[in-house]
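Below you'll find the structure, written out as structure tokens, and then a few comments.
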There are 2 protein chains.
Amino acid sequence: MSQDGGGIDLETSLGYLLKEASSALRQAMEAVLRPLGMTVTHYSCLELLAQRPGLSNSELARGAFVTRQSMNVLLQTLERDGYVTRPATAPVGKVLPTRLTPRGRRSLAKATAAVRSVEVRMLGGMTQAEQSSAFTSLQSMIHSLRDDAAGG
Amino acid sequence: MSQDGGGIDLETSLGYLLKEASSALRQAMEAVLRPLGMTVTHYSCLELLAQRPGLSNSELARGAFVTRQSMNVLLQTLERDGYVTRPATAPVGKVLPTRLTPRGRRSLAKATAAVRSVEVRMLGGMTQAEQSSAFTSLQSMIHSLRDDAAGG
DNA sequence: TGACTCATGTCAATATTCTGACATAGATTA
DNA sequence: TAATCTATGTCAGAATATTGACATGAGTCA
């Protein structure tokens with residue numbers, strides 16, 4: 001309709017569609033993770049640690065797209081429940097490198113399978129070429145948005 | 001690296017990239033909306049009402065990707081502050097059609113301009129063809145994820 | 001008409017995340 | 001060395017969103 005000068009047409013807005021897709025993905029992940037007693041952030045943290053052992057609280061926070069305060073709360077729970085371990089004192093600086101315990105690894109294995117099924121489903125209707133171009137497009141969007149200068 | 005049988009390689013995962021892009025967009029929107037004293041959900045609600053006057057609480061919730069309970073709290077605040085109006089009694093059923101007040105429209109105008117600048121920036125590095133294919137890809141992902149059957 | 005199902009609006013309690021703040025450790029610079 | 005800047009871990013309070021629950025109204029079906 002009359003998008004010019006008016007509002008942002010949500011029907012054709014790529015930003016809105018991006019949010020819609022992200023929301024659908026999150027909901028699908030929550031659905032398969034819930035039976036495992038795991039939240040998305042919880043899973044993200046474990047998956048990050050599996051791929052990059054020794055990540056710090058702040059690095060995990062950035063990787064899971066939450067604040068370091070939120071990640072800190074999560075890590076304390078995960079540590080208490082025996083999914084991860086952190087040294088009592090920092091080897092260097094204030095950074096506490098975190099690692100998965102065997103229990104954490106076991107827990108992650110089930111979650112990864114569940115999440116993989118979601119991703120496979122999401123990619124189901126796309127050709128390899130489409131996936132490839134979607135990848136490039138998303139990277140482009142991220143790059144443009146990261147060029148600080150908020151006010152323009 | 002060794003993604004087979006192991007974890008989900010976050011470096012090459014389209015799902016992770018989707019979350020990354022969505023997070024970057026949200027952060028950029030928060031940055032430009034904050035000076036206006038508005039949150040993203042707050043803005044989304046107003047924008048939805050501008051395009052589809054008379055939307056109900058539940059419909060607004062779905063459009064803004066929050067629960068109807070969360071939207072209800074927001075609407076009560078917006079109504080109290082004079083940005084929207086709702087009839088005291090439902091014209092039909094329990095549905096209360098919500099509408100923007102002149103004040104709500106004024107407030108939205110500034111926000112829309114700010115958000116538009118973010119979307120323009122996001123699209124800056126993409127050709128028209130890329131935007132078009134990104135749109136199709138995102139729609140495909142949403143469609144695949146919406147095909148319920150969570151567990152497979 | 002009556003029973004059933006579904007969607008809605010709303011209240012309450014809980015959970016999650018964020019903002020603000022502080023002390024500390026390393027790097028940078030003079 | 002000393003001052004400054006940046007990044008980190010963490011505590012506390014506030015904002016935000018969610019789950020759970022209930023009553024109500026509309027639609028369906030017998």
Side-chain angles (χ1 to χ4, degrees), chain A residues 19 22-23 26-31 33-35 37-45 48-49 52 54-81 84-99 148, chain B residues 19 22-23 26-31 33-46 48-49 52 54-81 84-99 148:
Chain A
K19 171 67 181 171
S22 179
S23 177
R26 171 169 275 266
Q27 272 195 296
M29 286 178 66
E30 281 171 350
L33 252 21
R34 193 187 318 270
M38 211 180 279
T39 68
V40 174
T41 306
H42 183 143
Y43 158 75
S44 301
C45 177
L48 282 163
L49 284 174
R52 296 195 251 148
L55 243 38
S56 73
N57 174 37
S58 289
E59 290 168 323
L60 286 168
R62 282 190 290 268
F65 309 106
V66 296
T67 62
R68 67 185 195 276
Q69 290 90 332
S70 296
M71 183 54 72
N72 190 39
V73 172
L74 173 60
L75 277 183
Q76 285 173 356
T77 303
L78 292 179
E79 193 172 14
R80 171 173 59 76
D81 295 347
V84 306
T85 54
R86 284 192 292 182
T89 74
V92 52
K94 295 189 68 178
V95 177
L96 294 175
T98 311
R99 291 180 180 279
D148 40 325
Chain B
K19 172 67 181 172
S22 179
S23 176
R26 179 172 197 92
Q27 272 194 297
M29 286 178 66
E30 281 171 351
L33 252 22
R34 192 187 318 271
L36 302 174
M38 213 179 280
T39 67
V40 174
T41 305
H42 183 142
Y43 157 75
S44 301
C45 177
L46 262 41
L48 282 162
L49 284 173
R52 296 195 251 147
L55 243 36
S56 72
N57 174 36
S58 289
E59 290 168 324
L60 286 168
R62 281 190 290 268
F65 308 105
V66 296
T67 62
R68 68 185 195 275
Q69 290 90 331
S70 296
M71 182 54 72
N72 190 37
V73 172
L74 173 60
L75 277 182
Q76 285 173 356
T77 303
L78 292 179
E79 192 172 15
R80 171 172 59 78
D81 296 347
V84 305
T85 54
R86 284 191 292 181
T89 74
V92 52
K94 295 190 68 177
V95 176
L96 294 174
T98 311
R99 291 180 179 280
D148 39 325

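No experiment lies behind these values; they were computed from the predicted model shown. Only this structure's heavy atoms are used, side chains among them; waters, hydrogens and symmetry mates stay out.
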Starting at CG of B:Leu96 and ending at P of D:dT24, how long is that distance when rounded to a whole Å? 15 Å
Ignoring the backbone of B:Arg62, work out which of C:dT8, C:dT10, D:dT10 is nearest its side chain. C:dT8
What is the distance from CG of B:Leu60 to P of D:dA17, rounded to the nearest Å? 14 Å
From B:Thr98 OG1 over to B:Glu79 CD, what is the distance, rounded to the nearest 0.5 angstrom? 7.5 Å
Side-chain contact test, heavy atoms from C-beta onward, threshold under 4.5 Å: evaluate it for B:Asn57 versus B:Leu96 and give yes or no. no
Straight-line distance of B:Arg26 CZ to B:Ser22 OG, nearest 0.5 Å: 7.5 Å
Got a donor-acceptor pair under 3.5 Å from the side chain of B:Gln69 to the base of D:dG20? yes
Below 4.5 Å, heavy atoms only, C-beta onward: do A:Leu74 and A:Ser70 meet side chain to side chain? no
Take the protein atom CG of A:Leu55 and the nucleotide atom C1' of D:dA7, then report the distance between them rounded to whole Å. 15 Å
When you measure from the side-chain N and O atoms of A:Arg86 to the phosphate of D:dT10, is any distance below 4.0 Å, counting only OP1 and OP2? yes
Just the rounded figure in Å: distance from P of D:dT16 to CE of B:Met38. 13 Å
Position toward the 5' end of DNA chain C (nearest nucleotide), B:Val95 or A:Val73: B:Val95
OP1 or OP2 of C:dT19 sitting under 4.0 Å from any side-chain N/O of B:Arg34? yes
Ignoring backbone atoms, test whether B:Thr67 places a side-chain nitrogen or oxygen under 4.0 Å from the OP1 or OP2 oxygen of D:dT18. yes
Does A:Asn72 have a side-chain nitrogen or oxygen under 4.0 Å from the phosphate oxygens OP1 or OP2 of D:dT10? yes
Rounded to the nearest angstrom, tell me the gap between atom CD in B:Gln76 and atom P in C:dG9. 12 Å
For A:Thr41 and C:dT17, is the shortest distance between a side-chain N/O and OP1 or OP2 below 4.0 Å? yes
Quick one: are B:Arg62 and B:Met71 in side-chain contact, heavy atoms under 4.5 Å? no
Closest nucleotide of DNA chain D for B:Met71 versus for B:Gly93: which of these residues is on the 5' side? B:Met71
For the pair made of CG in B:Leu75 and P in C:dT8, what is the distance, rounded to whole Å? 14 Å
Write down the distance between CZ (A:Arg68) and P (C:dC18), rounded to a whole number of angstrom. 12 Å
Could you tell me whether B:Leu74 contacts a base, only the sugar-phosphate backbone, or nothing, with contacts defined as non-hydrogen atoms closer than 4.0 Å? nothing
5' precedence on DNA chain D between A:Ser56 and B:Lys94 (nearest-nucleotide basis): A:Ser56
Provide, to the nearest angstrom, the distance between the CG atom belonging to B:Asn57 and the C1' atom belonging to C:dT10. 9 Å
Using a 4.0 Å heavy-atom cut-off across all strands, classify A:Ser58 as base, sugar-phosphate, or nothing. sugar-phosphate
